[in-house]
Structure formats: structure tokens, C-alpha cells
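Heads up: the structure comes next, in C-alpha cells.
The sequence lines fix the lettering, A, B, ..., with proteins before strands; numbering per chain opens at 1. In this text, all values refer to a predicted model and were calculated from it rather than measured experimentally.
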Amino acid sequence: MDEKLLKPYDPKETEDKIYKLWEESGFFNPDVCVKKGITKPDAETFTLIMPPTNANGSLHAGHGLVMAIEDIMVRYKRMQGFKTLWLPGLDHAGFETQIVYEKQLEKEGRTRFEIESKKLYKEILDFTLKNSKNIKSQIKKMGASCDWSREKFTLDDNIVKTVYQTFKRMYDDNLIYRGNRIVSWCSKHQTSFSDLEIKDEERIDSLYYLKYGPFVIATSRPETKFGDKYVVMHPDDKRYKDYTHGQKIELEWINGPTTATIIKDNSIDMEFGTGVMTITPWHDATDFEIAERHKLDKEQIIDEFGKLLPIAGEFTGQHIKKARTLIIEKLQKKGLIEKIDENYKHVIRTCYKCGTTIEPQIKNQWFVKMKPLAEQALEKINNKKIEYIPEHYQKITVHWLENIIDWNISRQIVWGIPIPAKICNKCENGMVDIENIISKCEKCGGDVRTDSDTFDTWFSSGQWPFATLGYPDNNDFKTFYPTNVMETAGEIIFFWVSRMIMLGLYITGEIPFKTVYLHGLVLDAKGQKMSKSKGNVIDPLILTEKFGTDAFRIGMIIGNTPGTSLALSEDKIRGYKNFANKIWNATRFVLENTKNFTPPETPNYDEEDKKSDEELKLLIKEITKEMDEYKFYIVAEKLYHYFWHTFADVIIERSKVKILKNQNADSAKILLNTQLTTLLKLLHPFIPFVTEEIWSIIKKDTKEKNDLLMVAKWPA
RNA sequence: GCACGCUUAGCUCAGUUGGUAGAGCAUCGUCUUGACGUGACGAGGGUCGUAGGUUCAAUUCCUACAGCGUGCACCA
């Protein structure tokens, strides 16, 4: 017997060695499996695209969970004989990475606004490439059996090429347009966002009732009101029936006399405030819509840095944060304030990264027309062509898709895929120009400049399933698309999953994946969100170092249902370290007691052993079904339970007596052998390292061919 | 306000075709001869958020309410 077994199981001595063994076998690559006769050439495929990992830091607990779940799926399918592809990737993660890098710059006393954009791009690229190496070795540490020969990066030439083709095609199909629209602007990060990068925050502020000529208007943002020259009310409001649409009135306003125009619009809520409001179309989405409807003038009041423009008169150049109180003072003096409600509860929109209040601005940018894309997706989703796990995410998705708005894909940051377009200096017309050949405006003949914006990172990652497989001509695309499962965090159901469905459908005509499996957040032991500032971040690598990757993986899986968040505690992982050791020691017992024993072709069990044999067969049936239903949390628990409390506590204990007294000893030995080898196979997807190591020891002892457990056949 | 969840043992959570509740950890007791003390055997502990309804029967289905959580471009 191998003397390793005489000591407790040591993950540190084992894991790297085993991973190397797997990598060298080539079995992570489905083509190699076919070539070596492990998978049938015509076998059904199972494709899983790994969510591209952000290459801007270290692996966190959430990644650990992703790797555990996805590796379980993949190893299971591979053992079942599927032509299994798990394609790994890394994400440049545009804005996210830029933020991380900006923080680093801040520490060095630099800011991105002083660095020339090409140089900044190069710096962030170096930073990303350095991190990529780190991340990749950490993914390997988790035991991920993904096909590294097919690894992709979101900035790879062929990915960018696909993204450009999509952009062009959507533009030609009239699904992408450039237009002056209201966008969400962060004055700290100096970029616009889509609606998803915004976080709502509830606040109690003051609501000011201002005298506007004969009217009283309510506003929470007096600092935007300088240019207000339209006063809007509902056409059915009896209180204001004497005023007519288009009527002009002279009135005294913040910085002097002004002429206001009456506008009647149905969007006004008669119940709110006084039922009358003035509008600021440049800095408010609703006001913008009203202005569009009635073709009203729009004027910018606040600049990109949150400072007041000359229209504010004496307040010009003031930051809006400071200006508000000063403006109120002045209005007070002029007697234009009717009253102030200081307990006004409302929701303001903030940057999801820095919490800065979002300032809507009108910008000329690229937008994706979402309605037609959403309709296609809804049709498939409502017809259950895509299965959501957990199910209720389907409703959430449908709700979002039904209320979808156009998607701003322009970002004013350097770190990303440049938008291949030219902009006319004269008329601001935007032209898609992938070949970089346009030099004069197609509309007015004016000079053009290259668009300096980059794509929203989700525009490119939204194309990930077909882009990575080499749409349209690559053989991989033909073989492995549509993929089977998209496993990712529930958090990015809109950002990523829903957009992949829409873009995948649009480009390939097929859904990109059949099943969406969403896992929840990984929280600390107390159920709190992990954050660096709270200091409660649990590093998965420290846990694997302490307890072994197997313990970490199965500890993450057991008791963790899809969609629900998971409280991760060290105690739990520690418990599963004991489990790995239990298996280790049970193996020692089996090997010691079945030395020089050759089992017969057909087992001749006694009554109780036969029962045990049938019990395990029943278990296999059950868990195979549950594996197919993605209920890994149940399967892992059942296996844990069976191994410990049936195989070890009952079968091994029973065999001691039989072997010692030599009564039905053969029956006992056969049972020990078959149950152990079967259980190793069943456990392998969950705890791949210790099972593979034991497998190699057993095989050596029995002088059989040294096949890897990772490609053994799943028991039936 | 709308949408979507959650509320089961001290803690973390399972419990899908409705039949008087389960796991892990924790707690307590006993054992301690050889696979493993990273062990074995055993025990305690829940009116399954509240109130109704459907049913022979509800933790499971329906309704209302409460508390907690998450998401959201009518909110001036």
C-alpha cells in the first residue's frame, strides 16, 4: 500500500501536482478527449462559457463559487461522455478596471485627466496583463477543468472584430443611432452611463415652493431653475383653465424679469405640489420629454463638472452643491419663496461606484434601440426556450424587457474598445467607420474627427457566447453554439445575461444558451456583504490554503441553493476538510483489508451486502436525476451523508466483523471495493483533488491501467 | 408607488406533483482495542411570521396583513 495513506490527507502536497496531471493529459480539451477515444466523436456537446473574469484584481469568494459550480457541471458532463467544452476568459472590464486603476493613480498623486489617453491606455493594459496571470493561476488553484487552449480575452483582435461587425450591422439595420439625448452623467468620473449603472438613493431634502409669476411651483432643485421659461400644467386642471397653451407672461425671476410660455401637457400630475411646474429640459429626463413633445428650447445650466454656467448670472462658476443655499437666500430676499417643506422624501440617482449625484445632461452619443431586440428575446423567454434557475428570474427578466429603454453605449473613458466611428466637426453627424476610411462628413461634407469614446464594456461582453466561439465561420461555433448553460451571478441578470440573449438572438438567430443558472451573493459568516472598508472580506485562497480546495468547494456548494446568498464561514469549510480526510482514511481501511484479493467477475453478495449494493444503485439514480436538475446542493449533501453514515459507519464497521471472523468475508471485500470506487466517481465533480489522488493510489495497487478519474465513466 | 423574493431547531439553510418536519454547525451525555479523536454511539431542541380560506388533510395551494431584503426612467 502507498505509504502516503498512512499520514493524514495533505491538500498542499497533492493539489498542484494533480492539476498538472490533468492539464498534461489534455482532457480539458474536448478534441483531445475525442482523439484519445474517451468521448465518442458524435457525442452530444455540453458547452459552458465561463463568465470572463475581471482582470483587475484577485479572485474573490464569488469567483470561488463560480469555479466550484461550473467545474461541477463540467466534470459531471465530461464523465457522462458529453463532448464537453468549458471556455475560459478574461474581461478588460472597461469602467470597472479604469476605476481600480484610477484609485491606484490617486495613491501616486496622479489623475487620469492629466495623462495622455494613449499612454493611459498602455498603462492600464500593462496593469491588466499583469493581473491576468495572477487570476489565471488562481482559477487553476480552484481546480477549474476549463480548456485553456481556447482562452479568450475581451480585447483579443478577433473579439474586437466581431464587436465591430455587430456595431456596423446594427447601425445598418437602424438599431443603433447617434443622437442628442439625455444621458446620466457622473461629474466625478466624467463619463455617461446607461440606466443600469445608476443607484437610487432615498433622501430627505427640502421642497421649495417658489413664486413664478401668478403661479407657485414646487422644486427640489432651485439651482437648475435659472433658465426656466416654460410653465407646464395639465390641460384638465380647472385651477388653471384661464391660461391657454402658448400664452406668454412676463414675470420677475431669480436674476431679473423674464418671459414665460404656458405649456399644457398630460404628463403633469395634478396632485403633486401645486400642479404646475417649470421645466429644465437639459437636466431632467421628464422635462426633456416634454420639451421634445412641444419642440421647446433646451438650454444647459450646469456644466460637466457640476458648476453653473453664465446663465446663472452672479452664481456663474459656483458648484451646484454650494450654490443652492445662496440661491435660496437671494430668492428669500426677493420674496419669491412661498414656503419650504423640509421633510420631502424622494429618491435621487447616484453613480453606482462613487455615490456622486447623477446630473442628467444632453449629449450626442450612440444609442441602441432596444425595443425590437427585447421583443425577440421576450418571445423566446415567454415560450420557455430559456430555462431560468431559479425560476423567478424569468419574471424579473420579463419585467425589465417589457419596460426597456434605449441603451447608451458611449463611454468617455479610454479603457475599452474604441468606437469605430467618425464625427463631423461641423454638424456632429456620426458615421460608423470600421475600415477607418471616412474623411469627410457624408451629410454636409465637413471635416471629421475620430470618435474618442469607447464602448460600454457590456456591449462587447454581451456578444461573448458567439464571439468566443468564432461566429460565424469557425468550427467551434458550428459545434458548440448554442451553448447549454450560462452560469453567473444573479446581480448581472440585466447587465449581462439579458443583453447576451438579445444580441445573441439578433446576430445568430438563435438563443445563446438554453439554461441560465444564477447563483447568489457570497456574504460573510454574519450574512453581511463583504467589503474592503468593513474589513470582512474572506479570501478564497486563504481558505483553500488552510483547508484544501476540495473542502472549500464542497463547503461552498452544500446548503447553497441557486439564487440565494450564502453566508461563508470558516467553520463550515473546516468541517469538510474532515470529510476529505475521512475518505482518505476509509480508503486506507479498504486497501488494507482487500490486499491480494481479486474480486470475481460477478459479485456473490450475502443478503445484507446485496441490500447495500442496491441502496447505492438507488442513490445513483436519484442523484443523477438531481445533477441533471442542477441541484448540486442536494447531491453533495446526499453523497456526504452516504459516504460518512452509510459507507463508513455501517458498511465498513460491518465488514470488520466479517473479515475478522472470516464469515462472508469475500462478500464484504467486494462491497468495500465497489462502493469505494463508485463513490469516488460520484464525489469527483465536487472534490476533484482528493478523489483523483486516491484513484491514482488505488490503481497503482491493483496494477490497472492508470487512467484518470476525471474521465472515468459516471456510474449508472 | 410598481415588481420580485424571504420569514422553518441557538446559527446557516433544505423541504416541487398537499399526508402531524430534516441536514450541517453549535449544545449536552456516553464510549475511548487498530481506517480516521479531523473518531463512534446517543440526546435535547421547532404551535414551519400572523389571520383567514380551499381540502378528509397545508410548512406545502389561495387571500389579506406584518416584518425583512432586492430591483425599477411617472415621483417636478
Side-chain angles (χ1 to χ4, degrees), chain A residues 1 5-6 8-9 182 184 194-196 198-200 207-210 217-221 224-225 228 231-233 266-269 271-280 284-290 344-349 358 360 390-400 402-406 490-491 493-494 520-521 523 525-527 547 551 555 558-561 563-593 629 631 633-634 636-638 640-641 644-645 648-649 652-653 655-656 660 672:
Chain A
M1 191 178 61
L5 280 176
L6 299 175
Y9 172 61
I182 202 137
S184 296
S194 77
D195 51 313
L196 294 181
I198 307 302
K199 225 175 128 57
D200 286 348
L207 185 66
Y208 305 93
Y209 287 80
L210 308 180
I217 57 157
T219 180
S220 61
R221 299 199 62 196
T224 65
K225 298 275 134 198
D228 287 12
V231 56
V232 193
M233 58 209 70
N266 289 323
S267 67
I268 298 298
D269 178 358
E271 308 292 315
F272 189 91
T274 56
V276 187
M277 69 173 193
T278 60
I279 56 165
T280 313
D284 184 282
T286 314
D287 295 1
F288 178 83
E289 295 301 329
I290 293 172
Y344 176 54
K345 203 166 130 188
H346 67 151
V347 170
I348 61 153
R349 306 167 70 232
I358 289 297
E391 231 174 322
H392 75 263
Y393 272 98
Q394 195 227 23
K395 288 188 202 164
I396 295 175
T397 302
V398 165
H399 184 257
W400 184 69
E402 283 176 344
N403 297 290
I404 204 156
I405 60 162
D406 286 356
E491 271 185 308
I493 178 88
F494 307 140
L521 247 40
L523 308 171
K526 289 180 201 146
F547 307 115
I558 290 185
N560 182 17
T561 41
T564 36
S565 50
L566 164 79
L568 178 60
S569 75
E570 219 177 278
D571 283 343
K572 192 175 174 193
I573 307 300
R574 183 180 295 116
Y576 295 108
K577 183 188 176 187
N578 300 350
F579 181 50
N581 196 53
K582 185 82 181 176
I583 301 171
W584 190 254
N585 286 311
T587 303
R588 171 153 97 219
F589 176 87
V590 172
L591 290 185
E592 271 174 358
N593 286 283
E629 291 166 352
K631 291 178 179 167
Y633 59 101
I634 293 217
E637 192 179 316
K638 278 188 180 169
Y640 173 87
H641 207 257
W644 204 306
H645 301 298
D649 291 347
I652 287 187
E653 290 308 319
S655 76
K656 286 179 186 170
L660 206 70
L672 286 177

Mind checking P8(A) for me? I need base, sugar-phosphate or nothing, with any heavy atom below 4.0 Å counting as a touch. base

For S194(A), answer base if it contacts any base atom (sugar-phosphate contacts may also be present), sugar-phosphate if it contacts only those atoms, and nothing otherwise; contact means non-hydrogen atoms under 4.0 Å. nothing

Report the distance from atom CG of L207(A) to atom OG of S220(A), rounding to the nearest 0.5 Å. 6.5 Å

Give one of base, sugar-phosphate or nothing for K631(A), where a contact means two heavy atoms less than 4.0 Å apart. base

In whole angstrom, give the distance that lies between atom CG of D284(A) and atom C1' of rC74(B). 11 Å

Going by purine N1 to pyrimidine N3 plus the second Watson-Crick contact, or the G-U wobble pair, all under 3.5 Å, which nucleotide sits opposite rU50(B)? rA64(B)

Return yes if some donor-acceptor pair links the side-chain N/O of K225(A) with the main-chain N/O of L210(A) below 3.5 Å, else return no. no

Phosphate OP1/OP2 of rA14(B) contacted by T564(A) side-chain N/O (<4.0 Å): yes

Touch class at under 4.0 angstrom, heavy-atom based, for I652(A) against every strand present: base

Complementary nucleotide of rC4(B), counting Watson-Crick and G-U pairs under 3.5 Å: rG69(B)

Below the 4.0 Å mark, does rC36(B) have OP1 or OP2 next to a side-chain nitrogen or oxygen of W644(A)? no

With a 3.5 angstrom cut-off on both distances, give the Watson-Crick or G-U wobble partner of rG34(B), or none if there isn't one. none

Quick one: K395(A) NZ to rC72(B) P, roughly how many Å, whole number? 19 Å

Among rA35(B), rG71(B), rC75(B), find the nucleotide with the atom closest to the side chain of A648(A). rA35(B)

Result for 5'-nearest mapping on RNA chain B, choosing between D269(A) and N581(A), is N581(A)

Quick one: E271(A) CD to rG1(B) P, roughly how many Å, whole number? 15 Å

I'd like the P distance from rU63(B) over to rC2(B), given in whole Å. 16 Å

Using atom types as modelled and distance alone, determine if a side-chain donor or acceptor of K577(A) lies under 3.5 Å from a backbone N or O of A551(A). no

T286(A) side chain N/O closer than 4.0 Å to the phosphate oxygens (OP1, OP2) of rC74(B)? no

To the nearest angstrom, the CG-P distance between N560(A) and rG24(B) comes to 18 Å

Between rU7(B) and rG46(B), how far apart are the C1' atoms? Round to whole Å, please. 14 Å

Answer with base, sugar-phosphate or nothing: what part of the nucleic acid does Y209(A) contact at a heavy-atom distance below 4.0 Å? nothing

Before we go on, tell me: are the rings of Y576(A) and F547(A) under 6.0 Å apart, centre to centre? no

Under 4.0 Å: is that the gap between some side-chain N or O of N585(A) and OP1 or OP2 of rU38(B)? no

Which whole number of Å gives the distance between the P atom of rG67(B) and that of rC74(B)? 25 Å

Pairing partner (Watson-Crick or G-U wobble, both distances under 3.5 angstrom) of rA43(B): rU27(B)

Using the C1' atom as the point on both nucleotides, what is the distance between rG15(B) and rG19(B), in whole Å? 14 Å

Counting only Watson-Crick or G-U wobble pairs whose two distances fall under 3.5 Å, which nucleotide matches rC13(B)? rG22(B)

Side chain R349(A), main chain I358(A), donor-acceptor under 3.5 Å: no

Between rC72(B) (C1') and I396(A) (CD1): distance, integer Å: 11 Å

From NZ of K582(A) over to P of rU38(B), roughly how many Å is that when rounded to an integer? 12 Å

OP1 or OP2 of rU12(B) under 4.0 Å from side-chain N/O of Y633(A): no

Among the candidates rA14(B), rA23(B), rG34(B), find the nucleotide nearest to the side-chain atoms of K656(A). rG34(B)

What do the steps show when you test V231(A) against M233(A) for side chain to side chain contact (heavy atoms under 4.5 Å, CB included), and what is the final call? CA-CA 7 Å; V231(A) 56; M233(A) 58 209 70; 4.2 Å; yes

P-based separation of rA14(B) from rC61(B) [nearest Å]: 15 Å

M277(A) side chain: which of rA76(B), rC72(B), rC36(B) is closest? rA76(B)

Spacing of E653(A) atom CD relative to rG39(B) atom C1', expressed in whole Å: 10 Å

Within the structure shown, what part of the strands sits under 4.0 Å from S220(A) by heavy-atom distance: base, sugar-phosphate, or nothing? sugar-phosphate

Would you mind classifying the nucleic acid contact of A218(A) as base, sugar-phosphate or nothing, using non-hydrogen atoms under 4.0 angstrom? sugar-phosphate

Distance between the P atoms of rU30(B) and rU17(B), in whole angstroms? 42 Å

Atom C1', compared across rG49(B) and rA66(B): separation rounded to whole Å: 8 Å

Of the listed rU38(B), rC75(B), rA3(B), the closest approach to the H399(A) side chain comes from rA3(B)

Determine: side-chain N/O of K199(A) to OP1/OP2 of rU70(B), distance under 4.0 Å, yes or no. no

Which one is paired to rU59(B), where only Watson-Crick or G-U wobble pairs with both distances under 3.5 angstrom count? none

N578(A) or G575(A): which one's nearest nucleotide on RNA chain B is closer to the 5' end? G575(A)

CD (E271(A)) with more than 12 external heavy atoms under 6.0 Å: no

Rounded distance in Å - CG (L6(A)) to P (rU38(B)): 18 Å

Classify the nucleic acid contact of Y393(A) as base, sugar-phosphate or nothing, counting any heavy atom under 4.0 Å across all strands shown. nothing

Are any side-chain N or O atoms of D287(A) and backbone N or O atoms of T280(A), one a donor and one an acceptor, separated by less than 3.5 Å? yes

Same-atom distance (P) from rC28(B) to rG10(B), integer angstrom: 16 Å

Checking side-chain contact (heavy atoms from CB on, under 4.5 Å) against M277(A), which of D269(A), D284(A), I290(A) comes through? I290(A)

